[in-house]
Amino acid sequence: MSKLPDVGTTIFTVMSRRATEQGAVNVGQGFPDYPIDPDLAACVSDAVRAGFNQYAPMEGNVALRAAIAAKIASGGGRPVDPETELTISCGGTESIYSAIQALVGAGDEAIVFDPAYDAYDPAIRLAGGRCIHIPLEAPHFRYDWERVRRALTGRTRMIIINNPHNPATSVATAEDLDTLAELTRDRPFTVLADEVYEHVLYDGRVHQSVMNHAELGARSFAVYSFGKTLHITGWRVGYCVAPPGLTRELRKVHQFNAFSIAAPLQEAIRLYLQRHPDAWRSVGKFFSAKRDLLRAQLADSGLVMPPAQGSYFQLADYSAVADCDDVEFTERLINEAGVAVIPLSPFYREPPARMRIVRLCVAKRDETLAEAGRRISAYTRSRAGQGRSA
Ligand SMILES: Cc1ncc(COP(=O)(O)O)c(C=O)c1O
C-alpha cells in the first residue's frame, strides 16, 4: 500500500550516488562543493556554547526573524512583521510542504509549471489534491498565461511559481507578476512563490518578488532558503514570508510537521547576519562568475547553452552532439566522460518529444567546473572525431 506508488528516489540523489560510484565529477545535484565561510562555522560553536541547544520557538528564533525582516527591508523589500508574517522552516522544502498541506484539500487543484522542482507534485497529492502541470516551453521557458487562464477551475486553490527557476534558469518579469495578479483577482486561491534563488540573478536582472507586488503580496506565500544564500544546503534552514492570515495557517501545519528548527543553526545564522549584514549582496556576482567559467570551458564542446538568467544552474542542449534521450545522454556522460549532470525530462509529467537538454550546476569550486568542462569537451570532440552515431 503506497500513497505515492509512482515516486522513487529523486533524480538528484540517484545521480549523486552514481557520481560517487563512478568517481565522476559531480555537476549534477545543486549543492556547493567548496567550504563555507570560516566565520559562519565559528558562529555554530558560539551558538552552542551560548546555550542554544534546546527547542527553538515554533515560529523560529525571535532575533533571527527580526534580522531577516531587517535584511528584507535593507534590500528594498516591503516591511515584514517578524511576529506575524515570518516563519523559520526546515529548508525551503518544509515551507513549501507546509503551505500546500495548509491550503490544498481533497479534490482541490494546484497548478505547477513543468519543468517543475520535484517537491511540489507529491506534496499536492499527499494533501489529496490534483496537480495540474502546465509546460513552460523550451528554449526560453516563458509562461503561457493564456493557457493558465484556461486551466483555472472552481477547484483551483493554488498556483506555484518558482522564480528564479530551477531547472529552467529563467526569471519572471514584472509583467508576469502583473498577469498572475490579474488572474488571481477575485478568485479564492493563493500563490506559492518558491524564491529560494532570490539572490542568484545574472546580467543585471532584478528579482521580482511576489512579496513586494502590490496585489500578490496579500495572497502569497514566499519561500526562501539560507541553504542557497549562505551556501549551507545541509543546514536545512529556510523561511516563509506571508501575510498574517496565511502565516497562521502555515504554522498550524509547521508545528506538527517540523515543530521547530535546529536551535544552534538558527542562532548561528543570526550571529553571522549580525557580523556580515551584507553577505547576501555578493551572491549574484559570485555565481555569475561561475556560470561564465563553465560556459567558457564548454565553448568548444558543441553544447548549445543559452545563458542562464538565474538560479544555481546552466542548461545545455546537446542535440549537435548526440541524438539519444536525455537520460541516456547523462548515462553516457557519467560512464564515458566521467561527469554527472541531470537530465531535464524527470522534471516533467509529460516530457516534450526529443528533449535534448541537460542541467549543470554552477555552485561548484572553479576547479570542479573547469574539470567538468574539460572532460565534457574531450568527450564531445572524440565523438565528433568518430563521426557521431545515435
Ligand atoms: C527550486 C527549489 N526550491 C526549493 C528547494 C529546496 O530548498 P532547501 O534546500 O532550502 O529545502 C530547492 C533546492 O534545490 C530548489 O532548487
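One-based numbering, in listed order, for ligands and for the atoms of each.
The aromatic rings of Tyr143 and Phe113 sit perpendicular, their planes meeting at an angle over 60°, well past the 30° parallel limit. Ring geometry for His231 versus Phe287: interplanar angle of 30 to 60°, hence tilted.
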Listed pairs under 3.5 Å, donor-acceptor, residues 293-308 side chains, sequence neighbours left out:
from: Arg295; atom 1: NH1; to: Met305; atom 2: O; distance (Å): 2.3
from: Ser301; atom 1: OG; to: Leu298; atom 2: O; distance (Å): 2.6
from: Ser301; atom 1: OG; to: Leu303; atom 2: N; distance (Å): 3.1

Within the protein, flag every N or O under 3.5 Å from an N or O of ligand 1, and note the pair and distance.
from: ligand 1; atom 1: 3 (N); to: Asp194; atom 2: OD1; distance (Å): 3.3
from: ligand 1; atom 1: 3 (N); to: Asp194; atom 2: OD2; distance (Å): 2.5
from: ligand 1; atom 1: 9 (O); to: Arg236; atom 2: NH1; distance (Å): 2.8
from: ligand 1; atom 1: 10 (O); to: Gly92; atom 2: N; distance (Å): 2.7
from: ligand 1; atom 1: 10 (O); to: Ser225; atom 2: OG; distance (Å): 2.6
from: ligand 1; atom 1: 11 (O); to: Gly92; atom 2: N; distance (Å): 3.1
from: ligand 1; atom 1: 11 (O); to: Thr93; atom 2: N; distance (Å): 2.9
from: ligand 1; atom 1: 11 (O); to: Thr93; atom 2: OG1; distance (Å): 2.5
from: ligand 1; atom 1: 11 (O); to: Arg236; atom 2: NH1; distance (Å): 3.3
from: ligand 1; atom 1: 11 (O); to: Arg236; atom 2: NH2; distance (Å): 2.8
from: ligand 1; atom 1: 14 (O); to: Lys228; atom 2: NZ; distance (Å): 2.7
from: ligand 1; atom 1: 16 (O); to: Asn166; atom 2: ND2; distance (Å): 2.8
from: ligand 1; atom 1: 16 (O); to: Tyr197; atom 2: OH; distance (Å): 2.7

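In this structure, Tyr312 has its ring center at least 6.0 angstrom away from the ring center of Tyr117.
Counting side-chain heavy-atom gaps under 4.5 Å among Ile, Leu, Val, Met, Phe, Trp and Tyr, the cluster of Tyr55 also holds Met58, Phe259. Here Val171 is tied into one hydrophobic group with Leu201, each link being a pair of ILVMFWY side chains closer than 4.5 Å.
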